[in-house]
Amino acid sequence: MSFLNVIRRRLMFLILVLFGVTVITFTISNLIPGDPARMIAGDRATPEIVQNIREALGLDKPLPVQYVRYLEGVVQGDFGTSIRTRRPVLEDLRIFFPATLELALTALLFATALGIPLGVASAVWKDKPIDHFVRVIAVTGISTPAFWLGLLVILLFYGNLGWLPSGGRIDPSLEMPTRVTGFLMIDSLLAGDLQAFGSALKHILLPAFTLGFVHLGVVARQVRGHAGRAAARLYPHRQGQWPQPLQDCLHRGTAQRHDPFDHCAGSRAGRPALRDGVDRNRLRLAWHGRLCGELYSGVGFPSGHGLHRGGLAGLCADQLGG
Amino acid sequence: MNTNSVMTLTNIHMRFPFGEDWRGRPRGFVHALNGIDLDIPRGKTLGIVGESGCGKSTLAQVLMGIRKPSEGEVTRYFGADHDVQIVFQDPQSSLNARMPVWRVITEPVFAVSKTPKAELRALAAELAAKVGLRPEVLDRYPHEFSGGQRQRIAIARALSSDPDVIVLDEPTSALDISIQAQILNLLKELQAARDLTYIFISHDISVVRYLCDEVAVMYLGQVVEHGASEVVLAAPRHPYTRLLLDSIPTMRATGGLGEALSNTDLPSNRNLPAGCFFKDRCELAGVGCDVRQNMVPTEQAQVRCCQTTAAIPQKVPA
Amino acid sequence: MSDATVSTNPVKRALSRVDWGYLWYQVKKSPLTLGGGAVVLIVLFLVIFAPVFATHDPNAIDLRARLAAPSWDNFFGTDEVGRDLYSRILYGGRQSVAVGFFVVVVAGSIGTFIGVFAGLIGGRVDVVIMRMMDVVLSVPSLVLIMALAAALGPSLINAAIAIALVRIPVYVRISRGQTLLIREMSFVTAAETFKASKLHILRWHILPNILSPVMVQATLDLGSTILLASALSFIGLGAQQPTAEWGAMVATGRNYILDQWWYSAFPGFAILITATAFNLLGDGIRDILDPKQKAR
């Protein structure tokens, strides 16, 4: 199938998925008990007032009609107004999303920076202690309740050591840098405010570590799998073991001392294979980034009614990537 | 029509759509069978030979009735439902690893009718003895057996519904030479004892010579030569049959027909050649080969080649 | 041949098909799997016999002993109304393990049913089912679970139902893929030649061969389900007070994290240990039963 056809199919499927997502979310939001009109009006409002609000919001119309109106709004970028913050959901997303993304990317950076070397190492020294160690880390990572690990690191680094703050994005006594990207660390650097940058960095360390740790092992295991398969493809007779020169390259950091032919086989053929593994992994990583964000926005629960829409951007990326 | 046949195939065509554009329409068709006319002689063994990709397996599926031909007709001269059975090439995947042997053997019976367990086990024991398996194997699972034993199990299964016809789809090509001989002899004994009709699909000419009464040579979804096996294999008329037979010594050395013939490629069955299908590989190709060839009955065999049949006085079709 | 060699009990028969010697050999080779399995057994034992091992009534309030530190009387300390945390963790494990098995059994059986159905029927029905599953899989699962749990109303059983609903597509995919694979095996072709019905093929060929991949997925799912259920309880969408549940205990303990660290630490540690053990076991079983999936 040609590349264009793949894209076309993916796009068509994406539209279908988005449609399905709107149906699911609309259904669920109508299943959630509680009358939005009553919630807006407050407990002491008279039935007439509640009824008026209901009519004003179109909540008295049949569900399919409501769904079409909702869909029209979504297409025009109108995600409605959050009942909790009383701001347009789009506005809420604009405020919260960069924070989510900044955290997700930082966590991702942490998970990749440690996970890829660990994964490669465990593929090269398969079934050796390092491999078992990575396996334990991976399984522990996916088995760790992130909400609990977060508490423990706060206890340690904030409570006992007092090195890092327990919450927030930046020291409240500092002035927020001018908003450019919405990423505090980048904005503060753009503003040349090193103090703000340091504070933002300190604030993001604990949550980024917590989220990163949960995904670290998964990344490592995936890299291990890809590198292992690459090895099996390139050196079928070695049963998935990397050839010795590569192990030595990694081990000693130099390959000059080895037989030139073996060296070529080990590095020139090995490198693209590794890159191939890592490239494909990047797609997976994008997905993990989305998961990080999902977890964060989910637990943070920024605005009840718009909570599902935070995932839409990630969803698009996922469809086109996967 | 003749009463000595168990089945007759008339002008069988089989096409498969392949590839899909983005709206799900097929991009083209694979022409697997292109006009097969065959009589399956009762109580005999018909060998079907040809390179891989010539449509042998598709023909087997049509014979067993699990595929309906796109065109043409299959006539069966026997009654009940399950009278064609099959023994596959690969004894690994043809036996379900999750069934004990007695279940495997009697599956054709209990698949279609509720039969008491005791009866099934008795049947299994009887058939196991017939194919030379000890009765204590019945409660084991297929993965505990060697290739030859598995093929015996597969044969016992094919026998369990008391069929008229058994399709043997390269039943010995996955086995060691010594085991091959045992299985072939077993098949011969069973045929004599039960008046079975075999359709033996193979690309091993020596095995065909040993087992088959008749041979049909297939090329690109057509039968190009059909006749008594001693005639066809001793004095082949069709240039393709000759090529096949010539390749036997090489085959021994390299281990496969495909390799022996690899100097010339089998034309694609997606776009059928105009004229004689074999023209491009044929050393005799000349005048008259630009039209589709018909099967021409000669005194001993039917041949689909104008170059070799033109000079021969034609026998009136029976 | 006597029937005595073949048990009529389907469970016994299934067990007799397992090559125990080989399994044991494989497990012995992988100490992590062995360790995971041992911890799983210990956890199950402790949880099932919680009344025996508990030192206190998990719901007995003792306001004089509020937020006590770990001691010989209260191994893991007490909570804000003086209930013994050790006993509550033992009883809380019942909730977690029960949710885990509930989700796996419900999602596994429903998902397998749908997947096998789609794989066998094929055609448009298959396409429609799989597209629906893709849609569900495309929605961020945690968000979907939270929305469903919120819609159903906060309680542990509703949280379990929400997780099960969202996990169904995973089993549909596995069982459909496996069904398509097995359908192409020549023993199924053979069955078709002797006019076996679809039901026969399902009963004798598809289901027996589909069981092990589904079981592997189920084992793997146990760990993540326990984790997910406790996360839902943590954000208030799962178990409600006064039920002892690990996630809910961590949530309440959060208020005391700086001074009474044990309140959150021990229940969370229990989640970690249990989920790790189930995941190690599942990982190991997958490697043994399904060597193809291992990085070669």
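The model shown is predicted, which means the values in this text are computed figures rather than measured ones.
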**Asked** Can you say whether C:F269 sits under 4.5 Å from chain A via the side chain, the backbone, both, or neither, judging by heavy atoms?
**Response**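 Both parts, backbone and side chain.
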Once you round to the nearest 0.5 Å, how far does [atom1] of [X] lie from [atom2] of [Y]?
{"X": "A:T140", "Y": "C:L280", "atom1": "OG1", "atom2": "CG", "result": "7.0 Å"}
{"X": "A:I142", "Y": "C:L227", "atom1": "CD1", "atom2": "CG", "result": "9.0 Å"}
{"X": "A:N160", "Y": "C:W261", "atom1": "CG", "atom2": "CH2", "result": "10.0 Å"}
{"X": "C:R254", "Y": "A:I154", "atom1": "CZ", "atom2": "CD1", "result": "9.5 Å"}

Shortest non-hydrogen separation from [X] to [Y] and the atoms involved:
{"X": "C:L32", "Y": "A:R135", "answer": "CD1-CD, 3.6 Å"}
{"X": "A:V139", "Y": "C:D283", "answer": "CG2-OD2, 4.3 Å"}
{"X": "A:S143", "Y": "C:N279", "answer": "OG-ND2, 2.8 Å"}

**Request:** Measure from the side-chain N and O atoms of A:W148 to the backbone N and O of C:S264, and report whether any donor-acceptor pair falls under 3.5 Å.
**Result:**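 A pair under 3.5 Å: yes.
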Whether over 12 other heavy atoms sit under 6.0 Å from [X] [atom1]:
{"X": "C:Y256", "atom1": "OH", "answer": "yes"}
{"X": "A:F133", "atom1": "CZ", "answer": "no"}
{"X": "C:M132", "atom1": "CE", "answer": "no"}

**Request:** Flag the pair C:L272 / A:P145 as yes when at least one side-chain heavy-atom distance between them is below 4.5 Å, and no otherwise.
**Result:**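 A side-chain contact exists here, since the closest heavy-atom pair is under 4.5 Å.
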**Request:** Specify whether C:F234 and A:F147 have parallel, tilted or perpendicular ring planes, treating 30° as the upper limit for parallel and 60° as the lower limit for perpendicular.
**Result:**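 C:F234 and A:F147: parallel rings.
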